[in-house]
Every structure is written in C-alpha cells, then in structure tokens.
Amino acid sequence: MSTNIALPSLTIESIRDGLRRKEFSATELAQAALAFAEKENSKTNAFLTFSQERALRSAARVDDDIARGLDLPPLAGVPLAVKDVIVTRGLRTTCASRILEHYVPPYDATAVVRLEAEGAVIIGKTNCDEFAMGSSNENSAFGPVRNPKALDRVPGGSSGGSAAAVAQGTAVLSLGSDTGGSIRQPASFCGVVGVTPTYGRVSRFGLVAFASSLDHIGPFARTVEDAATVLKIIAGRDELDSTSAFAPVDDYHAAMKHPVEGLKIGLPKEYFEGLGSETGSVIGRAIEQLKKLGCVVREISLPHTKYALSCYYIVATAEASSNLARYDGVRYSSRTDGSTLIDVYRKTRGHGFGAEVKRRIMLGTYVLSAGYYDAYYRKAQQVRNLIARDFTNAFAEVDAIVAPVSPFTAFKIGEKVDDPLAMYLSDVYTLTGDLSGVPCMSVPCGESAEGLPIGLQIFARHFDESTMFRLAYNYERSVKS
Amino acid sequence: MKLTDEQVRAVADLANLELSDQELRRMSNDLAQILTHMDQLNELDTSAVEPMAQVLYDADETATLREDVPRASLSNEEALANAPQQGAGYFKVPKVIER
C-alpha cells in the first residue's frame, strides 16, 4: 500500500508499471489524484467539478481486471481531466457559463467514451473561458484559473484548467478544445504538451459547439508520447460526427521513433516579426537544436498571416452567434422569467452570458446581418481560403513548419481584460492552424528568466500527425537527456 | 468607424440579447474598435477567390451516409431532464398565441 504516489511525475507507462508491480491500486491512485486535485484547487481553481463516484467506479473496474489477471487496456487507471465544454453523461457540464450552471448532459462525448473504454479515470471537469471564448481563462463565470508555475499569472486560454491540471500534476492527461489556439497557447503558458489534431481527425460529437468549422478536441500531456497515445485512441471516424474524417489513423508511436535527419523544416518569417526578445532567443535555441538533429531548416513565407486575426474573429463569431442561439431558456436548465417568449429569450441570454460571449454574439450577428454579410463574412471566408493556400504552398516545399506559439509568456491576471483587441492578439500565431485545418502542437522548449514556460509550435500537413509527433518527440528527447 | 446606439440595439434585437445601457455603450466602443481593425481585409483583392466555409477532404460522395437502421435515441424523460419548465412530456414556455 502506498499513499505517497508521486503524482506530478507519473506517465501512462509509469502508472502501468506501478499497477503491475502492485505499488498502488487503481483505486488508491484515483483517491490520491482526487485528494491532490481538491487541495491544489484552492490555489489554481483548475477544476469546476470533481467526479469522485465516476472515478472510483472506473478505477474499481481496472482493479477488478488486475485481480482477474486480464490484460490491461492502454490507459488503465490513468487520471484524466476533461474540459467543461465536453459533455459527460450525468456529470455537470457548464461551459464555465452561468447559463449552463446546472446542466447535466444525458450523453457522453465520443472522445470521452473512447478514453474511458481504454481504462482512463475521469477525476473532474476543468475550468475554461466561457464557451471556450478567451485567451486567458479570465472569462470563466466561476473565476479565473491561476497558472501553477506563477499563481499571479494566467494559464492561457481557453483550455486553461486542462493545461493547469496537467502542469500541476493533478491529472496525468486532459482533454481540451482548440478553435483559435485554445490548446496550444495554454500548453505553452503552462509548460506542457498540447495537440490540436487535423480538423476532422477527432470526432466533435459531444463538444459543445463554439465555431463548428474551427472546433477541435485535443489532448494535453506531460510528454509527447502520452499525448500521442491519447490522440491514437480518440482519432478516427465517428458516425455521430459527419465531419469526422475517414483517413486511417497512423501508428504514431512507431513513426515518432524514426530520426528526423533530413526532415525539411520551414520557419515562417511572419511569425518572427514582433516576437518578444526572450521568447525569440528561446525559440532560436530550439531551432539550433533541430539543426543539430539533422533537420534542414529554411525560411519560408505564409504571406497572409497578418490577416488571420480579422478573418478568424469574423468567421468564429459568425458561427458562434448561430451556435449559441440554442441557449434561450427553453431546454438547457436556466431561465429568467419574462412576460412573453421573446422576453424569456432576451432576459435569459442577457443574464446568463458573460461580457465576452455577448461581445462575440454581437459581432457575429453584425457580420452576418443584411448589408454586411458580403463585406465581412463572405470576405473573411475568401481570406480564409488564401490562408489555407499559404499552408498548401509551404507544404509543397517543407515537411513541417516551426514557429513560436505565442509572442509572449503568461501575462498577469487582469493585465489585458479591458482591451479585447489586445487579448485577441495573444492568439496571433495559433489562429492560422485552425483556419487551415492542419495539425499543430505546442511542445515545451524552455523558460524565460522569470521561469515562465515557452512552447515551440509545430505544424504538419493534413493528417500527418506522425511527422509532427516525430519532430516533437526527437526534440523532447534530445533536450531531456 | 462608429456605431450608433440604435445600430447596436438593432443587432442586440437580432441576437435576442438584453443589454443594459452601460453594456450598450461599452459594446458600441468595442465593436467599433474591432470592426475598424477588420477593415484591413479590404487591402486584399479576393474577387477571384472562392469562399472557404469548411476544411474539406476527398471522400466518396455518399461516404458520410450511414446505414438506415433504427437505433435507440434519448428517451422523452432524458430529453426533458434539463428543461427549466416542462409538462405533459413537452417543454413549456409562456403563451405564444394571443386569443
């Protein structure tokens, strides 16, 4: 019996070994993870809901398998946290919004079903920006998340709680969602691995819709290998999401172990202009390391990058204004009374949504409204095509693209809340991945002088997560040893 | 660019969103600032560019159609479980039709 499980250093493999050697049971691990997560929560506010019952049920199944001498599934006993925009049957799912404060979904997201089927133990639902709209986790109706590496700073957003949970060690894995950078930017700010797969690689069934043509589910982990294990399980066609892709899922683990010698890497010059000097030099050292590993590095151009911000905030808000129309006080738990039906709609939404969500609904409604549709929405869709073509052209020349994730490190809580445009600019290097649909990730590559983590962003061709993981894995290994 | 209070109110009406006077003023400023930034897209000549609504991949035309086999769906009870107000197996709302 061990009550001293070193949670922050666990990996999928070390948990497997621990269970096999009976150093701890799955139930003991789940209890330890829950107790640790609840204790840490007073510092970071990473979790909105703990799922003790469900966790102990899952853990008991694993212990039962062990007792009966069965083969263990790949995620047996692994503590998992799930962003609170991904629905869980019977487990409150709030989207960090007052409007869904008491919503209990009647079904599970496909990604959740697949992970639990492989033995994962869900310990709770993580805090995030309301409806995943934000870059700092300050837009949660239930208070901001604090960065475990520096408690006076933001963890990034919108999947701030999922990144923080993995960084502080309360969860070994977590699920986030990425629409404009919401996995990679918090991964970078918290010093963990975060993956945004190819659009359609992972089923969106059960992901509460923000901007359907941009939304992705993806994993956070402390190692590239663990992130790849999660993606391998959740990737693949799902009948319940017609946009989920038929493309076969590669054996990422076999692929990532190949060396990267001769791999052609592009550095998009637009991502290095206006970069903070500290971030710039850390990224520069990472690039030198890739050269040492034998990568062939050259400068490239993604010429429409500077239009991504405008393009994104038109497309994403337009889709959001439509997707969020369903929260009208009729079906989803909250209602503010009114004398007429329209009055109920307006009051429920006026009371239930926070400032940023309202701002985006207004912006999206405006750009879709009569007289502005062509000038804004259609124009943005055309520019989106140009941004996607930039990547197609670049990938005719190189195998992967490497860039910073964010122009700066985690900023102070409150620093940017009063300036929406400045906040939007923190996504400036991540938006293009979502707009074009290519897979991309953040892998930790160093720290600022103050000890704030910095992430390296890797983009690859559609469905070529293998090359992305291969580069990340080789890099990670070379700097760890 | 500037937005009048009436313009902002009209958009809020379209979005079924009740805004306080204070929110309305803040919204006018924020939207104007963001929309001004977005005007930079007009630097680009996109007359020959197709709009991109979705990331698309090659697949058979009927690939996304599944077999037409009946299967269990949510029960009436489950579907109504989150309703703020329900009755007789339906979602209830204030009276819509005046006599």
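Atom set for the values below is all heavy atoms of this structure, side chains included, hydrogens, waters and symmetry mates excluded. Numbers restart at 1 for each chain; the letters A, B, ... are given by sequence-line order, proteins then strands.
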note = Heaviest contributor of heavy-atom pairs below 4.5 Å to chain B, chosen from A:T348, A:L363, A:V367, A:I361, is A:L363

query = Going by atom types alone, do B:Q40 and A:S310 pair a side-chain donor with an acceptor below 3.5 Å?
reply = yes

inquiry  = For A:Y327, which atoms come within 4.5 Å of any heavy atom of chain B: side chain, backbone, both, or neither?
reply    = neither

ask   = Based on non-hydrogen pairs under 4.5 Å, which of A:D328, A:L214, A:L386 is most in contact with chain B?
value = A:L386

task = Rounded to the nearest 0.5 Å, what's the gap from CD1 on B:I34 to CD1 on A:I314? Could you check?
result = 11.0 Å

key: Under 3.5 Å donor-acceptor, B:E18 side chain and A:R346 backbone   = no

remark   = Answer key: most heavy-atom pairs under 4.5 Å with chain A among B:P51, B:A53, B:A79 is B:P51

ask   = Is a side-chain N or O of A:K379 found less than 3.5 angstrom from the main chain of B:L44, in a donor-acceptor match?
value = yes

task = Mark yes or no for whether B:N82, through its side chain, and A:R331, through its backbone, hold a donor-acceptor pair below 3.5 Å.
result = no

request  = Name the region of A:L100, side chain, backbone, both or neither, that has any atom closer than 4.5 Å to a heavy atom of chain B.
outcome  = neither

request  = Examine whether an atom of B:D39 lies under 4.5 Å from a heavy atom of chain A, and if so say whether it belongs to the side chain, the backbone or both; otherwise answer neither.
outcome  = side chain

Max heavy-atom pair count under 4.5 Å with chain B, selected residue of A:Y332, A:Y103, A:Y313 = A:Y103

inquiry  = For B:L3, which atoms come within 4.5 Å of any heavy atom of chain A: side chain, backbone, both, or neither?
reply    = side chain

message = Let's test your reading of the structure: which of A:S333, A:G364, A:S334 forms the most heavy-atom pairs below 4.5 Å with chain B?
response = A:S333

note = chain A shares the most heavy-atom pairs under 4.5 Å, among B:K92, B:Q85, B:E78, B:M27, with B:M27

ask   = Which atoms of A:R360 come close to chain B, meaning under 4.5 Å heavy atom to heavy atom: side chain ones, backbone ones, both, or neither?
value = neither

note = Max heavy-atom pairs within cutoff under 4.5 Å with chain B, candidates A:V344, A:L341, A:L368, goes to A:L341

query = What part of B:L41 lies closer than 4.5 angstrom to a heavy atom of chain A: side chain, backbone, both or neither?
reply = both

ask   = Taking every heavy-atom pair that is under 4.5 Å apart, which of B:L80, B:L19, B:V55, B:V96 has the most such pairs with chain A?
value = B:V55

request  = Step through the shown structure and confirm whether more than 12 heavy atoms of other residues, nucleotides or ligands are within 6.0 Å of CZ on A:R326.
outcome  = yes

ask   = Can you tell me how far the CE atom of A:M362 sits from the CG atom of B:L14, to the nearest 0.5 Å?
value = 9.0 Å

inquiry  = As an exercise, state the distance from CE of B:M52 to OG of A:S213, rounded to the nearest 0.5 Å.
reply    = 7.5 Å

task = Run the numbers on B:K95 and A:T340 for side chain to side chain contact (heavy atoms under 4.5 Å, CB included), then give the verdict.
result = CA-CA 7 Å; B:K95 194 165 64 176; A:T340 65; over 6 Å; no

query = Which atoms of A:A388 come close to chain B, meaning under 4.5 Å heavy atom to heavy atom: side chain ones, backbone ones, both, or neither?
reply = side chain

query = So which heavy atom on A:G329 is nearest to which on B:P84, and how close?
reply = O-CG, 3.3 Å

query = Roughly how far, to the nearest 0.5 Å, is the OH atom of A:Y307 from the CG atom of B:N42?
reply = 10.0 Å

key: Nearest-0.5 Å distance that lies between atom CZ in A:F246 and atom OH in B:Y57   = 13.5 Å

ask   = More than 12 non-hydrogen atoms from neighbouring residues, nucleotides or ligands closer than 6.0 Å to CZ on A:R237, yes or no?
value = yes

key: From CD (A:Q381) to OG1 (B:T46), nearest 0.5 Å   = 11.5 Å

ask   = Which of the residues A:T243, A:I387, A:V383 is involved in the greatest number of heavy-atom pairs with chain B at under 4.5 angstrom?
value = A:V383

inquiry  = At a heavy-atom distance under 4.5 Å, which candidate from B:M38, B:R26, B:E50, B:E23 has the highest pair count against chain A?
reply    = B:M38

ask   = Between B:V49 and A:Q382, what is the shortest heavy-atom contact and its length?
value = O-NE2, 3.0 Å

message = Between A:H102 and chain B, with a heavy-atom cut-off of 4.5 Å, which part of the residue counts as in contact: side chain, backbone, both or neither?
response = backbone

inquiry  = For the residue pair B:Q7 / A:Y366, report whether a side-chain donor-acceptor contact shorter than 3.5 Å exists.
reply    = no

query = Under the 3.5 angstrom rule, does the side chain of A:R349 hit a backbone N or O of B:A15 as a donor-acceptor pair?
reply = yes

ask   = Taking all non-hydrogen atoms of both residues, which atom of B:L31 and which atom of A:R359 are closest, and how far apart?
value = CD2-O, 4.1 Å

query = Do you know the tightest heavy-atom contact between B:F91 and A:V330?
reply = CD2-O, 3.3 Å

query = When only pairs under 4.5 Å are counted, which of B:A81, B:A63, B:A83, B:S75 shares the most heavy-atom pairs with chain A?
reply = B:A63

